[in-house]
Amino acid sequence: MKRPTANTFVVARPLYSENTFNEDNEKVHRYHKTILDHLGLYFSCSTERVKKMVYSLFPILTWLPAYRIKEWLLSDIVSGVSTGLVGVLQGLAYALLVSVPPGYGLYAAFFPIITYFFLGTSRHISVGPFPVLSLMVGTAVNRLVSEGPDRSNGTFPEGLTTAEKQVMVAVSVTLLAGIFQLALGILQVGFIVIYLSDALVSGFTTAAAVHVLVSQLKFLFGVVVEGQSGPLALIYTLIDVFSQITKTNVADLVTSIIIMVVVFAVKELNDLFKKRLPVPIPIEVIMTIIATGVSYAFNFQDKYGVDIVGNITKGYEPPMIPPLGLFKEIVMDAFSVAIVGFAVAYSVAKVYSTKYDYALNGNQELLAFGISNVFCGAFRGFAASTALSRSAVQESTGGKTQIAGLISAVIVMIVILALGYLLGPLQKSVLAALVVINLKGMLMQFSEIRHLWKKDKYDCMVWVVSFIVVVLLGLDLGLAAAVGFELLTIIFRTQFPRCCVLGNINGTELYRDRKDYINIYELEGVKIFRCPSPIFFANIDFFKEKLIAAVGFNPLRVLRKRNKAIRKIRKLLKKGELQVTSKGFMTCAVLSNVDTDDEFDNRVIEELDKPTDTKDLPFQINWNSELPANIQVPPVDFHSIIIDFGAVSFIDYSAMNSLKSTFKEFIRVDVDIYIVGCDSNILEKLERCNFFDDEIKTSMFFLTVHDAVLYILSKHDPSTATNYKPIKGRNNGMVHRNTDNGELRNRECSVPIQTKF
């Protein structure tokens, strides 16, 4: 059913090639800045530029003067207190993942917030420990400290305890990760996170959640297990845990189960009634206070042998500078921590910036997190990012700006300075239970597999492979392997694009894949080929193969066959074994032996690739008709190829040379080449690289497919009108055109044999 006339449009304009369009439309000659221009602009100095740099480096100067005290302060206070209480518990809990004493988790929940308050551009994320990042730091700690004395010889100063060595490794990873982030921010490469797709980040964090879950089993069961690192560390940890399952501490197991059941149930109620509750019920805080009181009252440590938090150092410890020799052992760990920490934080911050409509600066975020991690590491904290659950608490409880983050840091500071000792009797199994419960959101990402499979199978493969390699190889090697696989899928998609042959949609100037529609037609003598991908050294051979498959013959093979045929015809004419009459060719009854194909190939193969030269022959050859002396040449049943470059974003030099030779091969077998939809930048590059010559000309470039089609139709039948309309049905080998009176007529598209004497 056709659409109403009111929804149709008619455009009348000249038929445009690139040359004629440029003649009618003068281009503006723009000055393109050079590298020196960009450097000069970058290092230029003015009052306005200095002001802009100061505001960029200290975003607090932009939002703090506009702070609405009456409207926002109370909400920020409530949000800050709630987030601070959660931050205290998560700092203690995530310290278990880093394999350092729990008290150091409070430093990680305090120092990054202070620096981010001044330097960060997000107003809603809660900066501090993140379970995945903590586990990545813990992997380095376990590798360097828990693998025996030989691994650490010469790395640590003498006389350090195991706990001090663990803290030193955690500090080193955090400092170096901060330096990496700071360097990337200075170099303005915040775009690096674009190489971590949503599917990769989701698969990675889900696998990391599995690692976190397995690492907490020893605390949930109350068994002693050595830390593992490297490939298959998760498998080895499971084996170690279940080999000691008979030594389970029942008190720890029962406490863990109770905590997880109660916290899970209340969290579900919070989600169910979040619109009715002014603030979520702080069930983690409530259960922690109860568990601490019960453990202290009944002396669980002495009576049941449970592992507790123990003494938490009151106040702050002096800054630490780890030995430089330790840095070379943790370079890859630190770089992985830097990239993952920033990617997760930026992803969460982007969600809130979109929701509340304010700008987010990726490079400034790198600087903010880099300085935060350097500052935190110097004061014995471990790497910071943002925890999804903690940021959700800050936003859902009414947090408007980073004032809420600053207040949460004050809550943590109060615990560090005055109340930390009260948490001494708290069981580590309680902290482990809280860690496991907070993994729910990340573990629920398994449901994405089904949706990704329906939407994009490549993204689904990235998710699954990322999950598997991270589970098996560990967080650092797994991340590298996942990024490698993701880049491989991109290469695969660009190297093997879905090329197609286009046809005309009935009654329109539109051209679509001929396999996708019923009322679509191919013009007799014309092939329209489309490649929706950049053309470069890696996929140029694939492009040529698809083009040859689309047209149905190899032009180089046809050209060689034709040149061989001309050689044979010349030889027959010279010997008098072939004569030309007014009725056609006449051959003698007995022909002498002529050179075989193999003989020509072995002798002068280069000459066979040159254009066919028939000037010395007394006739013109129709290569699609029967040739004398049983000479066989593959027929070419069309005269024009249109190549749609509308989706080609760039062409490299190698592909350019290969395209040029391929186009020449088609032109030399009497097939015209037309390029349509070519970007002006690509055209300029072709001119700079001397792509055009006597055979490849700028006149072969047209603005649209329809322009090229109309030009071809007028060229091969000038008597017809430039408009045409195929009749219903698939291509039947005829060209259907409108005559001047609107009636359809058909014309066979063939070229007769012409003989000259």
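Keep in mind that this is a model prediction, so the values were computed, not measured.
Looking only at side-chain heavy atoms (C-beta outward), Gln216 and Ser429 stay at 4.5 Å or farther from each other. Val337 places a side-chain heavy atom less than 4.5 Å from the side chain of Leu133. Considering only heavy atoms from C-beta on, Ile330 comes within 4.5 Å of Arg143 through its side chain. The shortest distance between side-chain heavy atoms of Ile312 and Val309 falls below 4.5 Å. Using a 4.5 Å heavy-atom threshold, the side chains of Phe382 and Asn373 count as separate. The closest side-chain heavy-atom distance from Ile416 to Phe110 is below 4.5 Å. Between Ser336 and Met136 there is a side-chain heavy-atom pair separated by less than 4.5 Å. For the pair Val137/Asp333, no side-chain contact is recorded, criterion being any heavy-atom separation below 4.5 Å from C-beta on.
Shown here for Leu220 and Ala432, the closest heavy-atom pair between the two residues is CD2-CB, 3.8 Å. Between Pro102 and Leu92, the shortest heavy-atom distance links the atoms O-CD2, 3.4 Å. The two atoms that bring Leu97 and Pro131 nearest to each other are CD1-O, 3.5 Å, heavy atoms only. Closest approach of Ala384 and Phe369 over heavy atoms only: O-CD2, 4.1 Å. Across all non-hydrogen atoms, the minimal contact from Val141 to Ala170 is CG2-N, 3.9 Å. Met320 approaches Met168 most closely through the heavy-atom pair SD-CA, 4.1 Å.
Applying the salt bridge (Lys or Arg N to Asp or Glu O under 4.0 Å) test to pairs two or more places apart or on separate chains, those with a residue in residues 67-79 are Arg68-Glu71. Listed by first then second residue, pairs satisfying salt bridge (Lys or Arg N to Asp or Glu O under 4.0 Å) with a partner in residues 338-364 read Lys355-Glu395, not counting sequence neighbours. Residue pairs meeting the side-chain hydrogen bond (donor to acceptor under 3.5 Å, both in side chains) criterion with at least one member in residues 86-111, sequence neighbours excluded, are Gln90-Ser389, Gln90-Arg390, Ser99-Asn142, Tyr104-Glu317. For residues 112-130, no residue pair satisfies the salt bridge (Lys or Arg N to Asp or Glu O under 4.0 Å) rule, not counting sequence neighbours.
Between Phe180 and Phe335, the ring planes are perpendicular. Angles over 60° get that label, and only those under 30° would be called parallel. The aromatic rings of Phe117 and Trp63 sit perpendicular to each other, their planes meeting at more than 60°, with 30° as the lower class boundary.
Looking only at distances, no side-chain donor or acceptor of Glu329 sits under 3.5 Å from a matching main-chain atom of Leu326. Side-chain N or O atoms of Ser466 include none that pairs as donor or acceptor with a backbone N or O of Gly203 at under 3.5 Å. Formation of a donor-acceptor pair under 3.5 Å by the Ser408 side chain with backbone atoms of Gly405 is found in this model. Side chain of Ser215 to backbone of Val212: a donor-acceptor contact under 3.5 angstrom is found. Under a 3.5 Å cut-off, the side chain of Thr489 and the backbone N or O of Glu486 do form a donor-acceptor pair. Put simply, the side chain of Asp459 never gets that close to the backbone of Leu452: no donor and acceptor are under 3.5 Å apart. No donor-acceptor pair closer than 3.5 Å links the side chain of Ser295 to the backbone N or O of Thr292.
Counting heavy-atom neighbours within 6.0 Å of Leu272 CG, excluding the residue itself, gives a total above 12. The environment of Phe485 atom CZ is dense: over 12 non-hydrogen atoms of other residues, nucleotides or ligands sit within 6.0 angstrom. Within a 6.0 Å radius of OH in Tyr356, other residues, nucleotides and ligands contribute more than 12 heavy atoms. Within 6.0 Å of atom OH in Tyr55, 12 or fewer heavy atoms from other residues, nucleotides or ligands are found, so the atom counts as exposed in its surroundings.
When ring centroids are compared, Phe204 and His211 stay outside the 6.0 Å threshold. If you look at Phe446 and Phe467, their ring centroids are closer than 6.0 Å. Between Tyr316 and Phe111, a ring centre-to-centre spacing shorter than 6.0 Å is recorded.
Here the CG atom belonging to Leu96 is positioned 8.5 Å from the NZ atom belonging to Lys218, to the nearest 0.5 angstrom. One distance of note links CG of Leu366 with CD1 of Ile339; it measures 7.5 Å at 0.5 Å rounding. Separation of atoms CG (Leu439) and OG1 (Thr205) is listed at 10.5 Å; rounding is to 0.5 Å. Rounded to the nearest 0.5 angstrom, Ile286 CD1 and Ile289 CD1 are separated by 7.5 Å. Atom CG of residue Leu182 and atom CG of residue Leu175 lie 11.5 Å apart, to the nearest 0.5 angstrom. Atoms CD1 and CG, on Ile69 and Leu74 in that order, are 13.0 Å from each other to the nearest 0.5 Å.
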- request: Tell me, with the steps shown, if Leu477 and Met332 meet side chain to side chain contact (heavy atoms under 4.5 Å, CB included).
  value: CA-CA 9 Å; Leu477 293 177; Met332 291 306 300; over 6 Å; no
message: Could you walk me through whether Gln394 and Ser79 satisfy the side-chain hydrogen bond (donor to acceptor under 3.5 Å, both in side chains) test, starting with their C-alpha distance in whole Å, then the side-chain angles of each, then the deciding distance to 0.1 Å, before giving a yes or no?
response: CA-CA 5 Å; Gln394 179 167 316; Ser79 175; 5.2 Å; no
field: Phe327 and Ser172: CA distance, side-chain angles, deciding distance, side chain to side chain contact (heavy atoms under 4.5 Å, CB included) verdict
entry: CA-CA 6 Å; Phe327 283 169; Ser172 301; 3.8 Å; yes
- request: Might you work through the side-chain hydrogen bond (donor to acceptor under 3.5 Å, both in side chains) test for Ser126 and Thr386, ending with a clear yes or no?
  value: CA-CA 6 Å; Ser126 176; Thr386 179; 5.7 Å; no
task: Report the C-alpha separation of Asp307 and Gln427 in whole Å, then their side-chain angles, then the decisive distance to 0.1 Å, and conclude whether the side-chain hydrogen bond (donor to acceptor under 3.5 Å, both in side chains) test is met.
output: CA-CA 6 Å; Asp307 196 6; Gln427 295 170 246; over 6 Å; no
Criterion side-chain hydrogen bond (donor to acceptor under 3.5 Å, both in side chains) on Glu365 and Ser122, from CA distance to verdict: CA-CA 8 Å; Glu365 287 292 292; Ser122 175; 5.7 Å; no
task: Verify side chain to side chain contact (heavy atoms under 4.5 Å, CB included) between Leu367 and Leu119, making sure each step is shown before the conclusion.
output: CA-CA 8 Å; Leu367 291 173; Leu119 302 175; over 6 Å; no
task: Report the C-alpha separation of Ser385 and Val127 in whole Å, then their side-chain angles, then the decisive distance to 0.1 Å, and conclude whether the side chain to side chain contact (heavy atoms under 4.5 Å, CB included) test is met.
output: CA-CA 6 Å; Ser385 180; Val127 182; over 6 Å; no
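Between the side chains of Thr121 and Gln364, no donor N or O sits under 3.5 Å from an acceptor N or O.
With sequence neighbours excluded, the residues forming a side-chain contact (heavy atoms from CB on, under 4.5 Å) with Ile490 are Leu487, listed by chain and number. Taking the side-chain contact (heavy atoms from CB on, under 4.5 Å) definition, one finds that Val263 meets it with Ile259, Lys267, Ile283, Glu284, Met287, Leu434, Ile437, sequence neighbours left out.
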